2 protein chains.
Amino acid sequence: MSPTTDQTAPTNVTEVLERLDELIGTLPKRLDQCAAFTRRHLHLIAVSTVSDMAREAGVAPSVYMRFCQALGFSGYSEMQALFRVQYTAFRPAYDERIATLRPEMEGGPGALLAEFAEAGHKSLMSLANTVTSEGLGAIAQGMAAAPLLHLVGMRRAFAVVSNMSYMLGKLEVPAVLHSDTGRLGGPGVVGAGQAVFAATFSPFSQETLDFARLAKERGALVYGLSDVEDCPLAEFADGLLIARENEVAGFRSLNASLTLTTALVVAIGALQEGN
Amino acid sequence: MSPTTDQTAPTNVTEVLERLDELIGTLPKRLDQCAAFTRRHLHLIAVSTVSDMAREAGVAPSVYMRFCQALGFSGYSEMQALFRVQYTAFRPAYDERIATLRPEMEGGPGALLAEFAEAGHKSLMSLANTVTSEGLGAIAQGMAAAPLLHLVGMRRAFAVVSNMSYMLGKLEVPAVLHSDTGRLGGPGVVGAGQAVFAATFSPFSQETLDFARLAKERGALVYGLSDVEDCPLAEFADGLLIARENEVAGFRSLNASLTLTTALVVAIGALQEGN
DNA sequence: TCGCAAATGGAATAAATGTTCCATATGGTC
DNA sequence: GACCATATGGAACATTTATTCCATTTGCGA
């Protein structure tokens with residue numbers, strides 16, 4: 001049937017990978033090129049044409065065709081089908097509009113995930129409503145100008161500030177993450193002229209609010225992130241960002257918060273780069 | 001030019017979403033069907049034909065065609081192209097990240113935020129493509145059945161596991177967060193029958209991989225989260241989730257990862273509740 | 001109930017994509 | 001250096017998929 005191989009075709013992505021690893025090195029130059037490229041860009045198959053793949057791999061379409069056959073497929077279409085099913089296999093039970101968690105669990109974890117994804121889309125869309133370019137820009141500038149940044153956030157907000165801490169580190173922007181683990185450095189270490197970024201969602205963390213207020217009294221610039229406008233931080237902060245997260249049966253992810261803070265950190269990085 | 005609308009075509013997923021929400025309810029029955037279905041299955045567009053989408057939406061292909069035009073596109077192909085680019089965009093080199101950012105910074109931090117929001121939408125969409133309901137369900141069950149959960153993740157993955165840790169705590173599910181801070185408990189504390197959830201994104205953290213492998217050898221169940229299929233965890237893990245994050249000038253947020261793990265944690269909580 | 005405008009679905013057509021074939025090139029062996 | 005087996009890429013062909021057209025249906029206002 002297939003001229004180049006009598007091996008049976010892989011039936012899932014794992015098998016494709018196995019076969020790829022098995023073949024790489026043993027194939028003719030151009031086919032090896034296909035294998036190497038494909039190995040690194042498996043995810044492109046589902047959305048590309050043979051010509052696309054061939055071009056990116058640097059070979060002629062007919063070569064890529066033969067490569068598919070060497071893998072055991074009848075042709076590109078068959079291989080592509082394998083990579084496409086995984087996209088279509090996941091059928092979120094989105095269709096039926098479900099209101100509470102228990103019915104959501106009826107549809108299995110897939111339906112639950114679909115609900116959270118949907119909530120994520122909405123959260124991201126509402127970001128545009130609560131954040132202005134000027135507000136974000138002012139905060140980015142304030143933070144970029146500070147010689148040292150302090151990040152505070154407890155509980156749900158901790159993931160947000162710890163992620164900021166990681167990214168700022170990568171960008172080589174001096175920042176300290178104040179976690180409540182072992183009570184390392186409190187607000188006492190914040191110096192005048194430095195900047196604090198405090199994140200707290202309702203119900204607000206008293207510790208975070210206290211830290212921010214004390215830092216402010218010590219002459220630091222205080223910026224904040226919250227999920228509602230009437231966060232106590234608003235009273236004294238030099239800038240406050242709002243990221244409202246849509247919830248699923250009372251549970252909230254952090255899509256808007258992380259997207260907003262990621263953009264903020266990158267903006268800070270870009271500003272510092274410019275200096 | 002286009003008979004059904006003189007509106008200009010959306011240029012990104014965010015705009016498609018907005019236009020969809022704007023249009024739903026105002027369109028004729030069949031077109032509304034298309035809009036409703038498409039709103040819930042955005043992720044299918046990249047890998048489906050018009051007939052596929054039309055069939056799933058319960059309309060004739062020509063109707064779906066007109067729906068694309070009502071959205072402002074010239075046809076299905078043009079719309080599909082919009083959903084395909086996200087997969088084909090290649091990542092720029094690390095060093096050039098800030099440099100490639102310049103164009104985005106031109107529009108101020110607001111434009112940057114919009115870029116990250118757009119990337120977030122795409123990440124959430126592709127989540128439905130890399131995760132199956134069964135896979136997620138199996139992992140949720142395995143983790144719910146374990147007497148103790150261990151969470152491991154360094155660097156970019158740390159925010160993910162620390163958020164899981166927080167949520168699991170709220171749900172009163174016994175879990176230990178292993179951070180590398182001060183080298184608290186290594187894999188030695190993991191007992192047979194317990195479960196480990198290890199998150200690591202490429203380039204993978206050797207520490208996380210080692211932890212997971214040792215735990216596996218000690219008889220624990222190992223589940224993982226990564227951003228690519230060929231993560232070393234795949235070799236020995238009992239279950240692996242994939243969350244691919246779209247990037248902006250080389251920077252990635254954590255939308256897909258957090259949404260996925262949030263759904264996972266809630267599923268675990270619901271399963272334990274049932275016991 | 002009739003007439004009209006809009007919507008609908010099926011069938012025809014156009015475009016693109018996948019696949020195969022074959023002439024030419026390449027590399028190894030005697 | 002000639003021969004043979006194998007690899008390669010372009011061009012022809014076949015198939016699938018997108019798009020348009022049009023006859024029929026539907027729903028609304030007179």
Side-chain angles (χ1 to χ4, degrees), chain A residues 1-7 9 16 23-38 41 44-85 87-88, chain B residues 1-7 9 16 23-38 41 44-85 87-88:
Chain A
M1 188 113 318
S2 71
T4 36
T5 176
D6 46 13
Q7 185 103 13
V16 172
L23 288 174
I24 284 180
T26 75
L27 293 168
K29 196 177 117 206
R30 295 268 116 132
L31 294 196
D32 217 67
Q33 245 174 277
C34 293
F37 175 81
T38 304
H41 302 278
L44 291 183
I45 299 172
V47 295
S48 304
T49 65
V50 230
S51 338
D52 290 340
M53 292 301 284
R55 180 167 24 78
E56 294 298 327
V59 303
S62 51
V63 173
Y64 200 89
M65 204 69 225
R66 251 174 283 123
F67 161 72
C68 297
Q69 288 163 351
L71 247 43
F73 297 104
S74 69
Y76 183 73
S77 299
E78 191 177 307
M79 177 165 105
Q80 189 181 50
L82 189 66
F83 285 87
R84 281 188 172 180
V85 280
Y87 289 65
T88 48
Chain B
M1 186 112 318
S2 73
T4 35
T5 174
D6 45 13
Q7 187 101 13
V16 172
L23 251 37
I24 285 180
T26 74
L27 292 168
K29 196 178 118 207
R30 294 268 117 132
L31 292 196
D32 216 67
Q33 245 173 277
C34 294
F37 174 81
T38 304
H41 301 276
L44 291 182
I45 298 173
V47 295
S48 304
T49 64
V50 230
S51 339
D52 290 340
M53 292 301 286
R55 179 165 27 75
E56 294 296 325
V59 303
S62 51
V63 173
Y64 200 87
M65 204 69 223
R66 251 173 284 125
F67 161 71
C68 297
Q69 289 164 349
L71 246 45
F73 296 105
S74 70
Y76 183 74
S77 298
E78 190 177 306
M79 177 163 105
Q80 189 181 49
L82 191 65
F83 286 87
R84 280 187 171 180
V85 284
Y87 296 87
T88 53

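Quantities reported herein were computed from a predicted structural model and do not represent experimental measurements. Order of the sequence lines fixes the chain letters, A, B, ..., with proteins taken first and strands second; residue numbering starts at 1 for each chain. No hydrogens, no waters, no symmetry mates; every other heavy atom, side chains included, goes into these values.
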Asks: Would you kindly give the CE-to-C1' distance between A:Met65 and C:dC22, to the nearest whole Å?
Replies: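 In whole Å, C:dC22 C1' lies 17 Å from A:Met65 CE.
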
Asks: Are B:Gln69 and D:dT19 close enough that a side-chain N or O sits under 4.0 Å from OP1 or OP2?
Replies: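 For B:Gln69, the contact criterion (side-chain N or O under 4.0 Å from OP1 or OP2 of D:dT19) is not met.
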
Asks: Quick one: CG on A:Leu31 to OG1 on A:Thr26, what's the gap to the nearest 0.5 Å?
Replies: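 Result: 9.5 Å between the selected atoms.
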
Asks: Roughly how far apart are A:Cys34 SG and A:Met53 CE, rounded to 0.5 Å?
Replies: 8.5 Å

Asks: Is there a donor in the side chain of B:Gln33 and an acceptor in the side chain of B:Arg30, or the other way round, less than 3.5 Å apart?
Replies: yes

Asks: A:Gln80 side chain N/O closer than 4.0 Å to the phosphate oxygens (OP1, OP2) of C:dT17?
Replies: no

Asks: Check this for me: does any side-chain nitrogen of one of A:Arg55 and A:Asp52 sit under 4.0 Å from a carboxylate oxygen of the other?
Replies: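 The answer is yes: the pair qualifies as a salt bridge.
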
Asks: B:Glu78 CD to D:dT20 P: how many Å, rounded?
Replies: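 Those two atoms, CD and P, are 11 Å apart.
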
Asks: Let me know the distance between CE of A:Met79 and P of C:dT17, rounded to the nearest Å.
Replies: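 After rounding, the gap between these two atoms is 17 Å.
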
Asks: Mind calculating the distance between OH (B:Tyr76) and P (D:dA18) to the nearest angstrom?
Replies: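 Result: 6 Å.
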
Asks: Is it the case that A:Thr38 and A:Tyr64 place a side-chain donor and acceptor less than 3.5 Å from each other?
Replies: yes

Asks: Could you state the CD1-P distance from A:Ile45 to C:dT17, rounded to the nearest angstrom?
Replies: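 Those two atoms, CD1 and P, are 17 Å apart.
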
Asks: Would you kindly give the NZ-to-P distance between B:Lys29 and D:dT26, to the nearest whole Å?
Replies: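 Those two atoms, NZ and P, are 9 Å apart.
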
Asks: Counting heavy atoms from C-beta on, name the nucleotide in D:dA18, D:dT8, C:dT17 closest to the side chain of B:Ser51.
Replies: D:dA18

Asks: Picking from D:dA18, C:dG18, C:dT20, which would you name as closest to the side chain of B:Val50?
Replies: D:dA18

Asks: Hey, does the side-chain of A:Ser62 have a donor or acceptor N/O within less than 3.5 Å of a partner on the base of D:dG9?
Replies: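 When only heavy-atom distances are counted, A:Ser62 does reach the base of D:dG9 through a donor-acceptor pair under 3.5 Å.
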
Asks: Side chain of A:Ser77 only, heavy atoms from C-beta on: which candidate in C:dT19, C:dT17, D:dA18 is closest?
Replies: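 Nearest listed nucleotide: C:dT19.
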
Asks: From the list C:dA7, D:dT8, C:dG18, which nucleotide is the closest neighbour of the side chain of B:Pro28?
Replies: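 Selected nucleotide: C:dA7.
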
Asks: Mind calculating the distance between CZ (B:Arg84) and P (C:dT17) to the nearest angstrom?
Replies: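 Taking atom P of C:dT17 as the reference, CZ of B:Arg84 is at 8 Å.
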
Asks: Give the rounded distance in Å between these two atoms: CZ of A:Arg66 and C1' of C:dC22.
Replies: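 A:Arg66 atom CZ is separated from C:dC22 atom C1' by 11 Å.
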
